[in-house]
Amino acid sequence: MVSKEYISPADHPKPVTQAPSQVSDIIAKSKRKRDAGVASEKVGEHERENGKKSKRRESGIEAENAETTPEIIEKGKKKKKKEKNKVKEEDKGEKKGKKSKKLRTEIEPLEQIKEAVDEPEKEPETAQTPSDNKKYDKKRNKTKSDSANDSDDALSKHKSIRQKLSKIRAKALEPTLTAESLTAEDEPILVIPVGLEPLPQPAPTKTQKYSTTLASSLPPWLASPVVVTPTTTVPFISMPGLSSKILSRLDILQLPYAFAVQTAVIPLLLKDGGDVCISAATGSGKTLSYILPIVQSLSIRVVTRLRAVIVVPTRELVSQVFSTASSLSSGSGVKVGTAVGSRALVAEQGLLVGVGHDNTIHSKVDILITTPGRLVEHIKSTPGFSLHWVKWLVIDEADRLLAQSFQEWVDVVIGDVERVTSGLLEEGDMRTVLEDLGIRINERSEVRKVVLSATMTRDAGKLAGLKLRRPTMVVVENAAKPGLPVEKDEKMQGDDRDEKQDDDDMPDEIFSVPMELREYAVSVVNTEYKPLHLMYLLRDRGIKAGTVVFVKSNEGAARLVRLIDTVVEGVEGLDKATGWTTGLITGEMEKKRRDKVLKAFKRGEVHILIASDLISRGLDLPNIEHIINYDIPSSTRAYVHRVGRTARAGKEGNAFTLVADKEARWFWRNVARGIRRREEGVERLTVGLEDEGLGWRGIYESVLYG
Ligand SMILES: Nc1ncnc2c1ncn2[C@@H]1O[C@H](COP(=O)(O)OP(=O)(O)OP(=O)(O)O)[C@@H](O)[C@H]1O
């Protein structure tokens with residue numbers, strides 16, 4: 001049995017184990033210098049402190065003397081009084097400052113008039129109660145007893161105030177928009193309410209609101225991404241930095257041209273740099289954009305160590321990414337492994353780590369593709385499983401993964417890789433000194449995070465947990481038909497929709513679907529006959545295969561399969577005429593059964609695949625031509641992923657959504673208008689029901705009502 005004790009921090013090789021003696025001398029000298037600098041700074045501080053103390057002593061002596069001199073007492077009182085007045089003035093100013101800007105602009109001229117007119121009465125204003133009056137008298141007496149110099153000062157001050165007031169008065173009486181008809185004789189108090197009346201304002205337009213919210217609420221790296229148009233393409237052979245081995249693999253795989261996302265992301269990841277977030281439509285080739293640089297960078301390694309971890313949300317996606325990584329790395333010696341919850345943990349541990357002759361534990365894989373929950377299990381309970389050497393951390397379908405906690409996976413995984421990184425940063429001090437001396441050292445680089453989705457969140461708060469370093473956002477976007485950002489309130493009003501499910505759409509997010517996708521809304525006149533609408537649609541559009549029908553629940557999906565099968569069986573020869581064979585795939589099925597159905601669908605033995613949202617993300621099946629949203633998706637984001645199972649890698653595809661009356665408002669606002677898509681937009685379709693008791697309807701009715 002392997003034990004965790006085998007991996008002590010001392011076992012981890014450090015980038016620099018021993019500095020050359022000459023170097024250590026220099027470092028020691030530089031340290032002494034630094035220490036001396038700190039010491040002299042401290043002396044300086046000490047001296048400053050002494051200076052302050054002596055000043056304090058001096059003022060202390062002054063104060064002592066002052067106690068014995070009546071003139072100085074008087075001066076002190078005056079000073080206090082002045083300070084008191086100053087505070088009052090400041091308070092007044094602060095209160096004024098709190099008024100809204102709008103009110104200020106409207107009221108200010110009026111207040112100036114009011115102050116000017118009220119000025120002579122200002123003093124009595126402060127003495128309203130008998131006690132106030134006494135205080136006021138006292139104040140006056142005190143003022144009278146002031147020295148002759150002071151009264152001269154007061155006189156000149158008073159004069160200058162009066163001059164200022166007359167200027168203000170003159171200015172305020174100039175005709176203006178707000179106080180056009182005012183004169184000095186007007187009673188200001190009567191005029192002020194006029195200024196409070198709301199001024200006519202231009203009605204705020206929705207477009208303004210969207211653009212400002214989106215731009216202003218984002219940090220600069222999210223607000224100004226690297227934008228690539230989806231039609232951009234270059235031959236891999238002309239892409240700088242690709243090794244001959246990789247080029248020959250691409251050649252074997254018959255992939256001569258890089259897709260748009262790959263043209264931007266591959267060169268970025270081949271160079272050193274910060275983390276990268278990628279937002280590109282479904283089926284645009286995001287997987288290859290990160291697998292390729294990872295495989296190339298690892299193909300020069302000597303020892304197998306866990307250096308890349310790719311996290312995806314489902315087991316199906318683990319298999320899919322594994323297949324891309326394996327085919328690209330074939331012949332390079334890079335070892336790819338998977339970790340998924342469906343396998344026994346112990347069996348999987350044996351596949352991921354092994355014990356060498358010298359009893360040291362080593363990783364059996366360079367790249368691990370895993371679901372988040374299983375990754376956490378290995379971190380916590382697999383002896384010798386370590387993220388210490390991890391150079392790449394990929395989070396695919398990031399918006400979904402970040403929305404779900406899976407044993408607090410973000411904290412556990414990021415916490416683990418951050419520990420490694422912070423260790424490197426400490427070593428970085430030493431590195432800087434060495435590099436300053438012109439000495440290059442071999443170093444491990446920081447963990448590089450690659451975060452992807454077709455509906456990448458622009459919520460910086462959600463991304464914060466990933467602790468991104470110097471991030472760059474890459475967006476593959478067409479500007480053909482800009483969609484309006486989704487507005488949260490609109491969605492929440494969506495009839496019988498589940499608010500919680502809608503929560504993953506941020507207000508003001510903009511989504512895109514592939515340009516090759518044609519979209520239709522099929523209106524469901526009578527929801528009782530919804531399954532029939534689906535069947536008529538299939539029949540009328542001549543759809544025979546390559547179709548995935550999305551249903552909102554596992555139960556609903558299973559029910560729909562039974563219903564269609566029964567109706568089809570009820571009409572003699574119908575199954576032959578339509579050519580339909582149905583298959584079911586939902587989350588509650590065993591992985592083995594799910595794989596079987598998917599394989600049958602891939603082979604074309606299953607024509608209509610009825611599925612829950614389990615396969616709505618990432619799944620890449622080349623023969624999907626049609627997507628049917630039998631149940632309306634739970635959010636705009638969910639719609640984008642569902643329909644993205646077709647029209648992939650530049651191929652054409654169709655998406656149909658059955659829309660009941662009560663869902664229409666939400667659909668047209670959020671899906672039809674809220675997504676960037678081809679010029680044609682979403683087309684309306686209707687299917688006509690047969691008369692009662694006739695044709696398929698007759699069979700359907702007899703199945704349901706006997
Ligand atoms: N350069 C290329 N040339 C031809 N085909 C490619 C290229 N890159 C990727 N593909 C193919 O495009 C399809 C879609 O790629 P991928 O699954 O990576 O899309 P994606 O952007 O991850 O989509 P999603 O967001 O739905 O997961 C795959 O079948 C893949 O093999």
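Whatever order the structure lists ligands and atoms in, that order sets their numbers, starting from 1. Atoms considered below: every heavy atom in the structure, side chains included; atoms not considered: hydrogens, waters and symmetry mates.
If you number the atoms of ligand 1 from 1 as listed, the ones under 4.0 Å from a heavy atom of T287 come out as 16 (P), 17 (O), 18 (O), 22 (O). Listed by number with element, the atoms of ligand 1 under 4.0 angstrom from any heavy atom of S284 are 19 (O), 20 (P), 21 (O). Each of the atoms 21 (O) of ligand 1 lies under 4.0 Å from some heavy atom of A281. Every atom of ligand 1 is numbered from 1 in the order shown, and the set under 4.0 Å from a heavy atom of E397 is 27 (O). Close approach of ligand 1 to R645 (heavy-atom distance below 4.0 Å) involves ligand atoms 26 (O).
Nearest protein neighbour of atom 26 (O) of ligand 1, counting heavy atoms only, is R648 NH1, 2.8 Å. When hydrogens are left out, the protein atom nearest atom 10 (N) of ligand 1 is F259 CE1, 3.6 Å; that is the closest non-hydrogen contact. Given atom 8 (N) of ligand 1, the protein heavy atom at minimum distance is Q262 NE2, 2.8 Å. For atom 21 (O) of ligand 1, the closest heavy atom belonging to the protein is K286 NZ, 2.8 Å. Looking at atom 12 (O) of ligand 1, its nearest protein heavy atom turns out to be A649 CB, 3.2 Å. Scanning the protein heavy atoms around atom 27 (O) of ligand 1, the nearest turns out to be G618 CA, 3.2 Å. Among all non-hydrogen protein atoms, the one lying nearest atom 1 (N) of ligand 1 is Y257 O, 2.7 Å. The closest protein non-hydrogen atom to atom 31 (O) of ligand 1 is D620 OD2, 4.4 Å.
Ligand 1 has at least one atom lying under 4.0 Å from a heavy atom of G283.
Here the CD-CG distance, from E588 to N554, works out to 4.5 Å after rounding to the nearest 0.5 Å.
Salt-bridge formation is not detected for the pair D366/R305: no Lys NZ or Arg NE/NH1/NH2 atom is positioned less than 4.0 Å from an Asp or Glu carboxylate oxygen. A salt bridge links D620 with R648: the distance from a Lys NZ or Arg NE/NH1/NH2 to an Asp or Glu carboxylate oxygen falls below 4.0 Å. In summary, R374 and E377 engage in a salt bridge, as defined by a charged side-chain N under 4.0 Å from a carboxylate O. Ionic pairing of E663 and R669 is not present here: no N-O contact between side-chain nitrogen and carboxylate oxygen is shorter than 4.0 angstrom. Between E605 and K599, none of the side-chain N atoms (NZ, or NE/NH1/NH2) sits under 4.0 Å from a carboxylate O, so this pair counts as no salt bridge.
A distance-only check finds a donor-acceptor pair linking the side chain of E348 to the backbone of V340 [under 3.5 Å].
Taking only nitrogen or oxygen atoms, main chain and side chain alike, T282 does not reach within less than 3.5 Å of ligand 1.
Both tests pass for R541 against the ring of Y520: distance under 6.0 Å to the centre and angle within 45° of the axis.
For the pair I266 and V261, the minimum side-chain heavy-atom distance is 4.5 Å or more.
With hydrogens and angles left out, the side-chain atoms of W389 and S363 include no donor and acceptor closer than 3.5 Å.
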